[in-house]
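Here it is, the structure, as structure tokens.
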Amino acid sequence: MKKVWNGFYEDYLFENNKITVEFTITAELENGSFKGKVYENEFSKFTGDSIDVQGFIEGNLISFVTKYPYLFAYDSKGKILIDKNEKGHEVIYEGYFNEATGIW
């Protein structure tokens with residue numbers, strides 16, 4: 001079953017520099033597991049690309065792994081680094097899920 005969920009996460013890029021990143025997951029959900037794509041207002045806004053995602057939902061717990069298609073990072077001065085020739089990284093997330101209100 002195709003699903004679309006909105007959510008957000010908070011991160012600290014550097015000391016005292018907290019950011020909120022909104023995202024949309026479009027995925028196929030089957031027996032509590034899902035696989036699809038993420039469009040977020042950080043990576044996707046700068047690149048136009050989406051991120052692979054797979055995970056599961058159990059009650060109100062959601063757990064998923066995103067895999068960036070190539071290097072996307074920040075240097076020590078906060079400048080964005082993008083290199084499509086370098087391998088991307090994975091990020092593991094756990095949070096709360098509510099079909100009506102989204103992921104946080």
Side-chain angles (χ1 to χ4, degrees):
M1 171 184 326
K2 185 175 180 178
K3 292 290 197 172
V4 177
W5 302 303
N6 294 308
F8 71 91
Y9 65 87
E10 295 178 333
D11 198 1
Y12 287 90
L13 294 181
F14 303 97
E15 188 175 319
N16 298 322
N17 188 6
K18 183 173 147 181
I19 63 168
T20 299
V21 178
E22 296 176 357
F23 62 85
T24 300
I25 294 176
T26 303
E28 288 292 325
L29 176 66
E30 185 175 326
N31 298 323
S33 295
F34 62 89
K35 186 175 186 177
K37 297 287 186 179
V38 174
Y39 188 92
E40 65 174 35
N41 72 347
E42 187 180 32
F43 171 82
S44 301
K45 179 176 89 175
F46 291 103
T47 67
D49 292 328
S50 57
I51 305 160
D52 290 334
V53 64
Q54 63 181 25
F56 68 89
I57 299 169
E58 194 173 281
N60 70 342
L61 169 71
I62 187 166
S63 179
F64 57 93
V65 177
T66 58
K67 182 166 178 37
Y68 289 77
Y70 45 81
L71 175 71
F72 180 82
Y74 289 88
D75 70 11
S76 61
K77 295 181 182 176
K79 181 182 173 192
I80 293 176
L81 305 173
I82 298 171
D83 188 341
K84 292 186 177 186
N85 295 313
E86 293 291 325
K87 184 177 176 181
H89 63 285
E90 292 185 345
V91 181
I92 300 169
Y93 296 95
E94 284 194 348
Y96 298 99
F97 174 80
N98 181 295
E99 188 73 43
T101 59
I103 301 167
W104 69 99

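As a basis for the values below, the full set of heavy atoms in this structure was taken, side chains included, without hydrogen atoms, waters or symmetry mates.
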Worksheet item: Can you tell if the side chain of K67 reaches within under 4.5 Å of the side chain of E90, non-hydrogen atoms only?
Response: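 K67 vs E90: side chains touch.
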Practice prompt. Would you indicate whether the side-chain heavy atoms of I19 and V21 approach each other to under 4.5 Å?
Written response: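 Heavy-atom side-chain distance check passes, below 4.5 Å.
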Worksheet item: Are F46 and V38 connected in a single hydrophobic cluster, I mean Ile/Leu/Val/Met/Phe/Trp/Tyr linked by side-chain heavy atoms less than 4.5 Å apart?
Response: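 Same cluster: V38 reaches F46 through Ile, Leu, Val, Met, Phe, Trp or Tyr contacts under 4.5 Å.
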Worksheet item: Is any side-chain N of the basic residue among D11 and K18 closer than 4.0 Å to the acidic one's carboxylate O?
Response: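 No, D11 and K18 are not salt-bridged.
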Worksheet item: Closest approach of Q54 and K35, non-hydrogen atoms and distance?
Response: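 Where Q54 meets K35 most closely, the heavy atoms are OE1-CE, 4.0 Å.
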Worksheet item: Are any of the side-chain heavy atoms of E40 and T66 separated by less than 4.5 Å?
Response: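 No, too far: nothing below the 4.5 Å cut-off.
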Practice prompt. Give, for atom OH of Y39 and atom CZ of F23, the distance between the pair rounded to the nearest 0.5 Å.
Written response: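 If I round to the nearest 0.5 Å, the distance is 14.5 Å.
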Worksheet item: Using a side-chain heavy atom cutoff under 4.5 Å and only I, L, V, M, F, W and Y, what cluster partners does V65 have?
Response: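 V65 shares its hydrophobic cluster with I92.
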Worksheet item: Side chains of N6 and E22: closer than 4.5 Å at any heavy-atom pair?
Response: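 Counting from C-beta outward, N6 and E22 never come under 4.5 Å.
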Item to complete: Assign the ring pair F72 / Y68 to parallel, tilted or perpendicular, where the plane angle (0 to 90°) is split at 30° and 60°.
Response: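 The rings of F72 and Y68 lie parallel, inter-plane angle below 30°.
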Worksheet entry | Heavy-atom side-chain proximity of F56 to N31 below 4.5 angstrom |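 Not touching, per the 4.5 Å side-chain cut-off.
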Item to complete: Give the C-alpha distance, both sets of side-chain angles, the deciding distance and a yes or no for side chain to side chain contact (heavy atoms under 4.5 Å, CB included) between I57 and W5.
Response: CA-CA 12 Å; I57 299 169; W5 302 303; 3.7 Å; yes
Practice prompt. Starting at CZ of F97, measure out to CG of L61 and round the result to the nearest 0.5 Å.
Written response: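 Between F97 CZ and L61 CG, I get 11.0 Å after rounding to 0.5 Å.
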Worksheet item: Quick one: are K37 and I25 in side-chain contact, heavy atoms under 4.5 Å?
Response: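 No; the side chains remain at least 4.5 Å from each other.
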Worksheet entry | Main-chain N/O of D49 paired with S44 side-chain donor or acceptor, under 3.5 Å |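 Side chain of S44 to backbone of D49, a donor-acceptor pair under 3.5 Å: yes, one is there.
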Practice prompt. Please indicate whether E58 has more than 12 foreign heavy atoms, meaning atoms of other residues, nucleotides or ligands, lying under 6.0 Å from its CD.
Written response: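 Not buried by this count: 12 neighbours or fewer within 6.0 Å.
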Worksheet item: Where do Y74 and I80 land on the side chain to side chain contact (heavy atoms under 4.5 Å, CB included) test, with the steps shown first?
Response: CA-CA 5 Å; Y74 289 88; I80 293 176; 3.3 Å; yes
Fill in: Any Y93 side-chain heavy atom under 4.5 Å of I62 side chain
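Counting from C-beta outward, Y93 and I62 never come under 4.5 Å.
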Practice prompt. Might you work through the ring-ring contact (aromatic ring centres under 6.0 Å, His included) test for Y70 and F43, ending with a clear yes or no?
Written response: CA-CA 11 Å; Y70 45 81; F43 171 82; 5.5 Å; yes
